[in-house]
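Since the structure comes first, as structure tokens, the remarks are kept for the end.
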Amino acid sequence: MNNLILRVVSKILIPLIIVFALYVQFHGDFGPGGGFQAGVIMSAAIILYALVFGLDAAEQVIPSTLLRVLASMGVLIYGGVGLVSLLFGGNYLNYTVLASNQIAGQHLGILLVELGVGITVFSVMLIIFFAFAGRGRI
Amino acid sequence: MLSEGNLMFIAVSLAILVTMALALARALMGPTVYDRIAAANMFGTKTVLFIAVLSFLSGRMDLLDIALVYALINFIGVVAVLKLVDHGDFHSSGKEESKAAEVDQC
Amino acid sequence: MAFKYGVLLFLFWFLLSGHYGLLLLGLGLASVALTVFLMKRMNVIDHESYPIHLSAHMPAFIVYIMREIFSANIDVIKRILLPGSNPISPQMLELPLPQKTDLGRVIYANSITLTPGTVSVNLDKDTILVHALAKETADELATGKMASAIPDYSVGQEGR
Amino acid sequence: MDFFIGHYNYWIVIILMMLGFYTVISKGNLVKKIVGLNIFQVSVFLLYISIGTVTGGAAPITTEGVVLYSNPLPHVLILTAIVVGVATTALGLALVVRIKESYGTIEEDEIHECDHSL
Amino acid sequence: MLIIDILSWLCLGAGGVIGVIGAIGIHRFPDFYTRQHATGITDTLCAMLILSGLVLQAGLTLAALKLAMIFLFLFITSPTASHVLANAAMHGGLKPKLDVTATGGKS
Amino acid sequence: MIDVIIDVTVLAFLTITAVAIVRMTNLFAIVMLFGIFSFLSAVMFIGMDAVDVAFTEAAVGAGISTVLMLGTIALTKDRKEKYPGGHRPWLPLAVVIVTGATLVYGTLDIPAFGDLNAPSQKHVAPYYIEKSMEDTGVPNIVTAVLASYRGFDTLGEVVVIFTAGIAVLLLIGGRRRKSDVAGQAGEDDDE
């Protein structure tokens, strides 16, 4: 898009949106937020980039193959945390065994699980957007 | 839950509700589709203010994060509309002058 | 450049966070690093996304624009409430863009939009199309007083 | 009066639900059907959250000196449901796009005509 | 303390009133482009007054900082959104109703 | 009192918006009104103390859903609903009224809104509220329940999202061949 104002303002805003999304991701323990919201906000930042600078530019920043890998990786991180806790002798997705005491283990587990959720939501939202936006392109 | 507290916050939240009602009326009446989009955008800004006031009314500062989200990403919808009007799709990068989508104006 | 930018973003995180444990600060650093990496890939780290070189001129500009916003608001409110004595006369006018940098142009256009009564409709290479609510506001904008108040310095000639 | 105050929330939720339902079953345009489905969805979210609300309760984030919280369980269910809802809505919209590509229309009546004329 | 309270109440009250006036404006003005100016009132002065009233209430806390950020972002995004919308309307072929009696300006 | 006023007003706005969406025929306008609907529901969630839900609704409603619907409109090229009246509105109307009446009849036995002694507040929620801090050390109870107590549930949801993403990719992902586009919309698979 050839709109100068939009280009400059998006340049200023996109990094702020991304940092904010990551803040939401990691502060889900204390206030409202968590992986689901963070993934959506982060993908909104990339969607803004794609709308303003063109879809091709956005696909160069985050290639679709990488997105597909990330989407599966998020689910794998989630499942993997469960598996690791199984290996450590706990129940599936019981994070208590991940660290020396219960609080630390739970905290670590929740952090990792939320990370997996965030990655999956982010990449699936972007996959969906790229599919819609790229349709009809030859 | 909201506490009976500061009269001024209550007054302001009611004033914002009135503003929202008028913006909603504009969104319903149109007449052009751009009026509706403008009203929706204005509604978004008023939601930011409303949530900010609500956070003081209920004493929960966490709500400011939600207001911040709206302030940051509310205008993406408008950008999408411009892209649609200019190019007719989301994938052209802007160099070529593709045919614009005709938007019905009512 | 990227490093300074990262410091700025980390400041943003720091102000948002409100929790200053070691873990969260580390995560903050990681987040900022990821953001800067993405920004580098997007190729958007330049003096437009990071207008620190204007910071010396910003306070004066902010005071100016606040005053303008205030008086313009009063004017439009009068036109809404007393349409009899303050009629509207919508105008379209094309103004020259004296700013040399893109950032200056954007600040100018956004300042025009920020003051109610004038909305910038289209931005061309060196002209700007403005919709004004009344002839008086259009005339005032055409004097170019606002254009000269915009901080417009490219990186070489900043007056720090 | 107490009864009314205690239940208006549910009733309006039901009205919204029925508006969405009506859009889905009576309108022919597929995009509009999906918007109707979304209205229905939001009303279900509102119903769940209404059930979990406690008068005078705080949002379920542990803070010093607060003892009464709203029920966190519906929040968890709906929080995930919203994002899942968007993903499934996108799936529906993708189907609409494919229908448009092979039938050339997104009006239900014309799709039926196409099917019968085969 | 009392002075700050009164000041913040004044800000909040004025903000609310101005918001309502702006909303009346979007019903009084004749066409899309003129309505944008009324929307501008609610986006600028109204938001400014309400947020500064809240900042005065919050005092020197993290909440005040977040309010200041909301304020800053609103002031970056809202004129951009207005401009983008006006631009889209122009490209979409919506003609503004201009005052033909007044001279000057562009055709 | 004020919370009741805000609740009722926002609910009224929601109803008005929904009625307008049902009656409107311009798809652009419908999408924009749906954006307003989403704002209102976020405010409603805040009013009912569901901060996390409101956050999600805010992010989704402002960032994603509008863009996706506009993308669909752009692809299908239809700007207006063609048969706004429907053919016979009476049958669906009757169905809707009967269903609605049944549901209202069902609410008569529901405990009042905000009742602390409702059965739904008595079952597992008190345990979560009491124990989550000492079990997990996470102040946000919603996060604790989401990721720890009900981790399986969330795992399922994430897989659903993942599957939806794959399905969209299968349906409309990938570029179309030139021949498909030339010979009018591709008849079948074009991957």
Inset, instruction - Let me know if Pro126(F) has heavy atoms under 4.5 Å from chain D in its side chain, its backbone, both or neither. - result: neither
Inset, instruction - Pick one of side chain, backbone, both or neither for Val168(F), based on which atoms fall under 4.5 Å of a heavy atom in chain D. - result: both
Legend entry - Interchain contact, Ile64(F) with chain D, by part (heavy-atom threshold 4.5 Å): side chain
Legend entry - Interatomic spacing from CZ in Phe34(F) to CD1 in Ile34(D) - rounded to 0.5 Å: 11.0 Å
Inset, instruction - Go through the atoms of Leu93(D) and report whether side chain, backbone, both or neither lie under 4.5 Å from a heavy atom of chain F. - result: both
Inset, instruction - Work out which heavy atom in Val142(F) is nearest to a heavy atom in Pro60(D); give both atom names and the distance. - result: CG2-CG, 3.7 Å
Inset, instruction - Would you mind checking which part of Leu16(D) comes under 4.5 Å of any heavy atom in chain F, side chain (CB onward), backbone (N, CA, C, O), both or neither? - result: side chain
Legend entry - Phe45(D) and Phe45(F) aromatic ring geometry - parallel, tilted or perpendicular at 30°/60° bounds: tilted
Inset, instruction - Quick one: pull up CG in Asn38(D) and CZ in Phe37(F) and give me the separation to the nearest 0.5 Å. - result: 9.0 Å
Inset, instruction - Output the distance between atom CG (Leu75(F)) and atom CD1 (Ile106(D)), rounded to the nearest 0.5 Å. - result: 10.5 Å
Legend entry - Most chain D-contacting option - heavy-atom pairs closer than 4.5 Å, from Ala164(F), Ala12(F), Pro92(F): Pro92(F)
Inset, instruction - With side-chain contact (heavy atoms from CB on, under 4.5 Å) as the test, would you mind laying out the steps for Leu27(F) and Asn29(D) before giving the verdict? - result: CA-CA 9 Å; Leu27(F) 292 180; Asn29(D) 189 299; 4.0 Å; yes
Legend entry - Atom pair CD1 (Ile161(F)) and OG1 (Thr80(D)), whose distance is rounded to the nearest 0.5 Å: 8.0 Å
Inset, instruction - Identify which part of Ser70(D) has an atom lying under 4.5 Å from any heavy atom of chain F, answering side chain, backbone, both or neither. - result: both
Legend entry - Closest heavy-atom pair and its distance - Tyr128(F), Pro72(D): CB-CG, 4.4 Å
Legend entry - Those residues that, when tested against Thr66(F), pass side chain to side chain donor-acceptor pair (under 3.5 Å) (two or more places apart): none
Legend entry - Tyr8(D) side chain near Val4(F) side chain, heavy-atom distance below 4.5 Å: yes
Legend entry - Pairwise side-chain hydrogen bond (donor to acceptor under 3.5 Å, both in side chains) hits with a residue in residues 115-126 of chain F, at least two apart: Asn71(D)-Gln121(F)
Inset, instruction - Heavy atoms only: give me the nearest Ile110(F)-His7(D) pair and the separation to one decimal. - result: O-NE2, 2.9 Å
Legend entry - Which atoms of Leu46(D) approach chain F - backbone, side chain, both or neither, heavy atom under 4.5 Å: both
Inset, instruction - Output, in order, the C-alpha distance, side-chain angles, deciding distance and verdict of side-chain contact (heavy atoms from CB on, under 4.5 Å) for Leu116(F) and Leu68(D). - result: CA-CA 9 Å; Leu116(F) 183 57; Leu68(D) 194 61; 3.7 Å; yes
Inset, instruction - Please report the closest heavy-atom contact between Ala50(F) and Ile49(D), naming both atoms and the distance. - result: CB-CG2, 3.7 Å
Legend entry - Options Leu93(F), Ile73(F), Asp52(F), ranked by heavy-atom pairs under 4.5 Å with chain D, top entry: Leu93(F)
Legend entry - Most chain F-contacting option - heavy-atom pairs closer than 4.5 Å, from Thr63(D), Leu73(D), Ile39(D): Ile39(D)
Inset, instruction - With sequence neighbours excluded, give me every side-chain hydrogen bond (donor to acceptor under 3.5 Å, both in side chains) pair touching residues 91-108 of chain F. - result: Trp11(D)-Thr107(F)
Inset, instruction - Search all heavy atoms of Met48(F) against all heavy atoms of His75(D) and return the closest pair with its distance. - result: O-NE2, 4.5 Å
Inset, instruction - Name the region of Leu108(F), side chain, backbone, both or neither, that has any atom closer than 4.5 Å to a heavy atom of chain D. - result: both
Legend entry - Proximal component of Ile129(F), with respect to chain D [non-hydrogen, under 4.5 Å]: side chain
Inset, instruction - Under the side-chain contact (heavy atoms from CB on, under 4.5 Å) rule, what do Leu79(D) and Phe55(F) come out as? Steps first, then yes or no, please. - result: CA-CA 9 Å; Leu79(D) 166 60; Phe55(F) 206 142; over 6 Å; no
Inset, instruction - Check for a donor-acceptor pair, side chain of Lys32(D) on one end and backbone N or O of Met24(F) on the other, with a separation under 3.5 Å. - result: yes
Legend entry - Heavy-atom proximity to chain D below 4.5 Å, by part of Asn140(F): both
Inset, instruction - Working to the nearest 0.5 Å, report the span between CD1 of Ile82(D) and OG of Ser38(F). - result: 8.5 Å
Legend entry - Pairwise side-chain contact, Lys100(D) with Thr72(F), heavy-atom cut-off 4.5 Å (strictly under): no
Legend entry - Any residue of residues 14-21 of chain F which, by heavy atoms, sits under 4.5 Å from chain D: Leu14(F), Thr15(F), Ala18(F), Val19(F), Ile21(F)
Legend entry - CG on Leu91(F) to CD1 on Ile25(D), rounded to 0.5 Å: 7.5 Å
Legend entry - Thr76(F) and Thr105(D): CA distance, side-chain angles, deciding distance, side-chain contact (heavy atoms from CB on, under 4.5 Å) verdict: CA-CA 8 Å; Thr76(F) 55; Thr105(D) 178; over 6 Å; no
Inset, instruction - Against chain D, label Ile46(F) side chain, backbone, both or neither, depending on which of its atoms sit under 4.5 Å from a heavy atom there. - result: neither
Inset, instruction - Using modelled atom types only, decide if a donor and an acceptor are shared between the side chain of Arg98(D) and the backbone of Leu171(F) within a distance under 3.5 Å. - result: yes
Inset, instruction - Pick one of side chain, backbone, both or neither for Leu91(D), based on which atoms fall under 4.5 Å of a heavy atom in chain F. - result: both
Inset, instruction - Please determine, among Val67(D), Val86(D), Thr88(D), Thr89(D), the option with the most heavy-atom pairs under 4.5 Å with chain F. - result: Val86(D)
Legend entry - chain F contact via Leu19(D) - which portion, at a heavy-atom distance below 4.5 Å: both
Legend entry - Within-4.5 Å side-chain heavy-atom neighbours: Val104(F) and Tyr10(D): no
Legend entry - chain F contact via Tyr103(D) - side chain, backbone, both or neither, heavy atoms under 4.5 Å: neither
Legend entry - Sub-4.5 Å side-chain heavy-atom contact between Leu103(F) and Met18(D): yes
